[in-house]
Structure formats: structure tokens, C-alpha cells
Chemist: 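Would you mind keeping the following structure in view while I ask a few things?
For this chain, numbers begin at 1 and follow the sequence in order.
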Amino acid sequence: CLLAHTYDNNMSVSDVSWIGIIVSAAVTFVIGGIWYGPLFGRAWQAANEFSDEYLSSRKMGVVFGLSFACSLVAAIVLAMFIGPDAGVVFGAVAGLLAGAGWVAMLTGIQYLFEKRSLTLFAINAGYSVLTLTAMGAIIAALQ
């Protein structure tokens, strides 16, 4: 079975592929730039009621720096979850399931209580699912 995988519960941070971690964290920026730019940027901005002035007033160096740090943490945890011997298919499926089953569902709960729009949920959850799927595949390929 393509998804067969034995979990190594002795995995530690020192066992992860740092090249895979850095590459997968960097890919989140590529995906995010396309996702929140030409694909869904205007819809995301409208769903959040962000003005162009508000967006241009932000300290983007800080936003990008902290975003990259968060991406690194997510990649490290995903790598530890996937394990050192996973194949690319398992890594991608693990990322997909983490994105769709955990991140999107927990985001959905928050959005229900906050009465946020289905459009915003679809944009943000879709980004998480796509990004974690790509990260899982990259991490597994570079282990």
C-alpha cells in the first residue's frame, strides 16, 4: 500500500532534514504569494474588510519574518509527524490530512463562533490544506 508507514516514536528534532524544513517553509511563501495575490487576494481583502491603506501601512518585514518562523515550526512538527522513512505519497497525504482534518476544521470552529464568512474560511483553509500538502511532500522527498 502506498500509504503504509511505520511511525518511529523515537523521532527528534535532530532527525529531521533541515534542507526539507527550509525548502518547505520557503514554499509556503511562494504558495501564499500566488494564493493571496492573483488568485484570491481581492476576495480575501474584501472578506476581511481591509482597505489598501491598511494593508500598505503594515510592517511587512515583521509580518514576513514572523510568518517564516511560524512556517519553520510547522515544517519541523510535520517532519516529526511524518517520520524519517516516509515516501512522498505518504508525506503529501499526511500533509493533506493535517491541513483538512486539523487546521481547516479548527479554523472552521473559530469562524463559526466569530461569525466569519464562508468565503474567508474557504480561502484561508484552502491555503492551509494546499500548503501542508506541499510541505509534507517536500519534507518526505528530502528526508
Chemist: Taking ring-ring contact (aromatic ring centres under 6.0 Å, His included) as the definition, give me every residue that meets it alongside Tyr111, ordered by chain and number, with sequence neighbours left out.
Modeler: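 With sequence neighbours excluded, Tyr111 shows a ring-ring contact (aromatic ring centres under 6.0 Å, His included) to no residue whatsoever.
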Chemist: Can you list the residues that meet the ring-ring contact (aromatic ring centres under 6.0 Å, His included) rule with Tyr36, with sequence neighbours excluded?
Modeler: Trp44, Tyr127
Chemist: Can you list every pair that meets side-chain hydrogen bond (donor to acceptor under 3.5 Å, both in side chains) and has a residue in residues 90-110, with sequence neighbours left out?
Modeler: none
Chemist: My understanding is that only residues two or more places apart in sequence, or in another chain, count here; which of them pass salt bridge (charged side-chain N to carboxylate O under 4.0 Å, His left out) with Glu114?
Modeler: Arg116
Chemist: Sequence neighbours left out, what pairs pass side-chain hydrogen bond (donor to acceptor under 3.5 Å, both in side chains) with at least one residue falling in residues 63-76?
Modeler: Thr28-Ser71
Chemist: Under the side chain to side chain contact (heavy atoms under 4.5 Å, CB included) rule, collect the residues that match up with Leu118, sequence neighbours excluded.
Modeler: Phe121
Chemist: Excluding sequence neighbours, so at least two apart, what forms side chain to side chain contact (heavy atoms under 4.5 Å, CB included) with Leu97?
Modeler: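 Side chain to side chain contact (heavy atoms under 4.5 Å, CB included) list for Leu97, sorted by chain: Val93.
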Chemist: Is there side-chain contact between Ile31 and Leu130, with at least one heavy-atom pair below 4.5 Å?
Modeler: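 A side-chain contact exists here, since the closest heavy-atom pair is under 4.5 Å.
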Chemist: Tell me, which pairs form a side-chain hydrogen bond (donor to acceptor under 3.5 Å, both in side chains) where one or both residues lie in residues 131-142, sequence neighbours left out?
Modeler: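 Every pair satisfying side-chain hydrogen bond (donor to acceptor under 3.5 Å, both in side chains) with a residue in residues 131-142: there are none.
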Chemist: Filter on side-chain hydrogen bond (donor to acceptor under 3.5 Å, both in side chains), then keep only pairs touching residues 54-63, sequence neighbours left out; what's left?
Modeler: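 Output for this query is empty, none listed.
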Chemist: Give every residue pair that meets the salt bridge (charged side-chain N to carboxylate O under 4.0 Å, His left out) criterion with at least one member in residues 20-42, sequence neighbours excluded.
Modeler: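 Applying salt bridge (charged side-chain N to carboxylate O under 4.0 Å, His left out) to every pair that reaches into residues 20-42, excluding sequence neighbours, yields Arg42-Asp52.
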Chemist: Once side chain to side chain contact (heavy atoms under 4.5 Å, CB included) is applied, do any residues pair with Val88, and if so which ones, sequence neighbours excluded?
Modeler: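 With neighbours one apart ignored, the set is Ala137, Ala141.
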Chemist: Quick one: side chain to side chain contact (heavy atoms under 4.5 Å, CB included) partners of Ala75, sequence neighbours excluded?
Modeler: Ile21, Ser24, Met135, Ile139
